[in-house]
Amino acid sequence: MTHIGVLALQGDFAEHIGIFQRLGIAAREVRHPQELADLDGLVIPGGESTTVTRLISEFALLEPLRERAQDGFPLWGTCAGMIVLAQRADELAWPTLSALAITVRRNAFGRQVDSFETDLTVPALGQQPFHAVFIRAPIVEEVGDGVEVLAKLEDGKAVAVRQANALATAFHPELTEDHRFHRYFVDMVRAHKDGKA
Amino acid sequence: MAVEKEPVLSPSKGSYTVKKGLAQMLKGGVIMDVVTPEHARIAEEAGACAVMALERVPADIRAAGGVARMADPTVIAAIMEAVSIPVMAKCRIGHFAEAQVLEALGVDFIDESEVLTPADEAHHIDKWPFKVPFVCGCRDLGEALRRIGEGAAMIRTKGEAGTGNIVEAVRHMRAVMDGIRRLHSLPKDELMAEAKALAAPYELVKEVHETGRLPVVNFAAGGVATPADAALMMQLGAEGVFVGSGIFKADDPEVRARAIVKAVTNYNDPQIVAQVSRGLGEAMRGLDIRTLSEEELLASRGW
């Protein structure tokens with residue numbers, strides 16, 4: 001049995017949990033360090049990155065999450081979650097997890113009136129384009145060694161990246177009916193679990 | 001020739017999905033009323049997921065009387081400049097020109113609000129043509145569905161703003177949730193009559209019947225003053241909380257703001273709500289709504 005947690009400090013965690021449940025995966029809300037104990041992977045959902053990073057520090061989740069990230073514990077961040085996983089993010093008062101060797105720029109596309117939907121080519125998910133919803137989204141500005149770019153916008157900006165067991169998307173697969181990214185993460189989690197067993 | 005669905009090549013902005021989507025990102029969070037860039041920074045620092053840029057908080061609007069209008073664009077722009085979280089602003093009910101101004105300023109969300117003096121006593125704004133999302137107040141399910149039918153991407157209770165008294169927000173949230181439960185349990189052949197009774201669009205009535213939930217995010221607003229008020233509203237079904245006068249009319253706004261943020265995240269954990277409720281200083285004084293005259297009530301504005 002695979003157990004996936006969704007960080008439930010703020011944001012659209014319920015949407016992620018709903019999709020995992022439809023995929024037959026046990027998923028539950030995580031707010032405190034002790035709730036990480038028997039998890040096989042964790043999703044950091046969309047939300048406000050300042051709010052979420054503040055609450056991660058405040059509820060003593062920063063160190064346990066950083067330790068797990070270093071041990072190769074599977075993590076996936078969507079939008080604000082990408083910022084949380086990044087090594088560096090501009091003008092963010094609270095620390096991030098540094099699970100991915102990327103530098104991100106917050107609100108990179110402008111304000112809400114510039115939020116958009118578009119189709120992306122994601123070779124790791126097959127030929128069918130992935131319909132992506134970007135909401136006040138960040139962008140990956142710099143990619144370090146060992147980071148694989150899974151999807152780019154037409155202008156070449158990276159919007160989905162993976163490094164070992166850390167996955168990040170600047171958009172929100174939890175807001176669409178295409179669950180391929182969720183399945184992709186479940187596969188990552190299972191591969192990691194089988195490797196350990 | 002067979003018509004194939006072409007991939008969307010150029011990005012499409014302002015769709016209902018991205019408008020509703022921003023509200024989904026605000027869930028589990030606290031949206032705070034602010035009147036200066038300094039307030040906005042305090043709110044952001046405390047963990048607010050968005051701020052509402054105003055010239056006066058509702059308690060002061062109530063005290064000042066006269067016609068309450070959209071805030072001065074200078075105030076809104078200065079607040080937008082000060083923080084990186086989403087900035088909302090209020091326009092008068094039915095005043096689509098104020099809404100156009102707010103959209104042109106680049107605010108992230110517009111609250112078509114009963115706290116300001118209504119500009120139209122028959123019609124709310126047609127919110128569909130706007131790229132910017134709207135949040136609207138409601139007292140019951142019918143009112144919520146009428147606003148969603150006009151294009152609102154988010155709903156909140158009206159409560160009774162500027163009173164620091166939670167009683168009306170509770171009444172409105174219970175009415176909405178009861179309405180949803182009732183609709184969900186009705187047989188399908190009674191939905192048209194129910195749509196008529198609710199004065200709500202049939203398609204939305206059908207959707208709530210099928211899904212058992214509102215099609216957009218629903219927050220609590222109007223009277224939240226303490227962490228326990230916020231936890232109460234979350235347990236009654238709110239997906240997040242607006243705090244208007246409750247923070248910056250209290251003794252120690254920073255501490256209270258942080259406490260309410262933590263209470264919303266942990267609304268089901270009384271230990272944490274108890275812990276954050278300690279030593280907050282005086283809450284805003286508040287008003288007994290029964291002492292207000294009919295004309296002083298804000299919640300009855302809107303149709």
Side-chain angles (χ1 to χ4, degrees), chain A residues 7-15 29 31-32 45-59 78-80 83 89-94 106-107 109-121 128-137 153-155 171-172 174-176, chain B residues 5-31 41 43-50 80 83-88 103-110 130-133 153 213 217 239-240 258 261-262 264-266 268-269 272 276:
Chain A
L7 194 67
L9 299 175
Q10 191 270 324
D12 68 339
F13 49 88
E15 281 78 349
E29 298 175 6
R31 291 182 176 81
H32 303 287
E48 274 308 310
S49 53
T50 50
T51 307
V52 174
T53 49
R54 166 180 239 293
L55 292 173
I56 284 175
S57 287
E58 198 130 23
F59 291 119
T78 61
C79 193
I83 297 167
D90 61 307
E91 292 175 36
L92 193 62
W94 298 87
R106 297 161 63 220
N107 301 332
F109 299 92
R111 304 199 70 96
Q112 169 61 14
V113 288
D114 300 306
S115 291
F116 63 98
E117 300 178 60
T118 194
D119 280 358
L120 296 175
T121 305
Q128 187 73 22
F130 190 90
H131 188 69
V133 180
F134 290 80
I135 296 170
R136 288 172 44 95
L153 290 175
E154 278 188 346
D155 60 7
F171 46 91
H172 296 281
E174 74 276 18
L175 295 187
T176 58
Chain B
K5 192 173 171 265
E6 293 209 5
V8 188
L9 288 177
S10 56
S12 62
K13 293 184 184 180
S15 66
Y16 198 44
T17 301
V18 302
K19 292 201 276 187
K20 283 198 299 186
L22 179 56
Q24 287 169 281
M25 297 314 134
L26 300 174
K27 286 198 296 183
V30 182
I31 300 167
R41 278 189 288 266
E44 181 176 52
E45 221 289 309
C49 66
M80 286 167 61
V83 291
S84 67
I85 55 178
V87 175
M88 300 184 165
E103 182 174 60
L105 280 171
V107 303
D108 298 296
F109 233 108
I110 295 176
F130 287 82
K131 276 191 176 156
V132 61
R213 50 171 301 129
V217 167
E239 295 176 287
R258 284 203 293 270
V261 168
K262 286 193 214 168
V264 167
T265 296
N266 294 285
N268 266 331
D269 189 334
I272 293 183
V276 303

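The chains referred to below are lettered A, B, ... by the order of the sequence lines, with proteins before strands, and numbering in each begins at 1.
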Salt bridge (Lys or Arg N to Asp or Glu O under 4.0 Å) partners of A/Glu58, counting only residues at least two apart: A/Arg54, B/Lys262
Heavy-atom donor-acceptor pair, B/Gln24 side chain to A/Gly11 backbone, under 3.5 Å: no
Toward chain B, the part of A/Phe59 with a non-hydrogen atom under 4.5 Å: side chain
Contact summary for A/Arg136 and B/Leu22, nearest pair of heavy atoms: CD-CD1, 3.9 Å
Euclidean distance, B/Glu44 CD relative to A/Thr50 OG1, rounded to 0.5 Å: 5.0 Å
Contact winner vs chain B - A/Leu153, A/Thr51, A/Leu175, heavy-atom pairs under 4.5 Å: A/Thr51
Portion of A/Ala8 that has a non-hydrogen atom of chain B nearer than 4.5 angstrom: backbone
B/Ala46 versus chain A, the contacting section by heavy-atom distance below 4.5 Å: backbone
Interface residue of largest heavy-atom contact number with chain B, from A/His32, A/Gln10, A/Glu91, under 4.5 Å: A/Gln10
Taking every non-hydrogen atom, the tightest pair across B/Cys49 and A/Glu48: O-CG, 3.1 Å
4.5 Å side-chain heavy-atom contact, A/Arg106 and B/Ser84: yes
Results of salt bridge (Lys or Arg N to Asp or Glu O under 4.0 Å) for B/Lys13 - residues two or more places apart only: A/Asp114
Which atoms of B/Val83 approach chain A - backbone, side chain, both or neither, heavy atom under 4.5 Å: neither
Proximal component of A/Val113, with respect to chain B [non-hydrogen, under 4.5 Å]: both
Part of B/Glu239 within contact of chain A (heavy atom distance under 4.5 Å): neither
NZ/NE/NH1/NH2 to OD/OE distance under 4.0 Å, B/Asp108 and A/Arg111: yes
Stepwise side-chain contact (heavy atoms from CB on, under 4.5 Å) check, A/Thr176 with B/Thr17: CA-CA 9 Å; A/Thr176 58; B/Thr17 301; 5.9 Å; no
Between CZ on residue A/Arg31 and CG on residue B/Asp269, distance to nearest 0.5 Å: 9.0 Å
Short side-chain to backbone donor-acceptor contact, A/Gln112 and B/Val18, under 3.5 Å: yes
Segment of A/Leu9 engaging chain B (4.5 angstrom heavy-atom cut-off): both
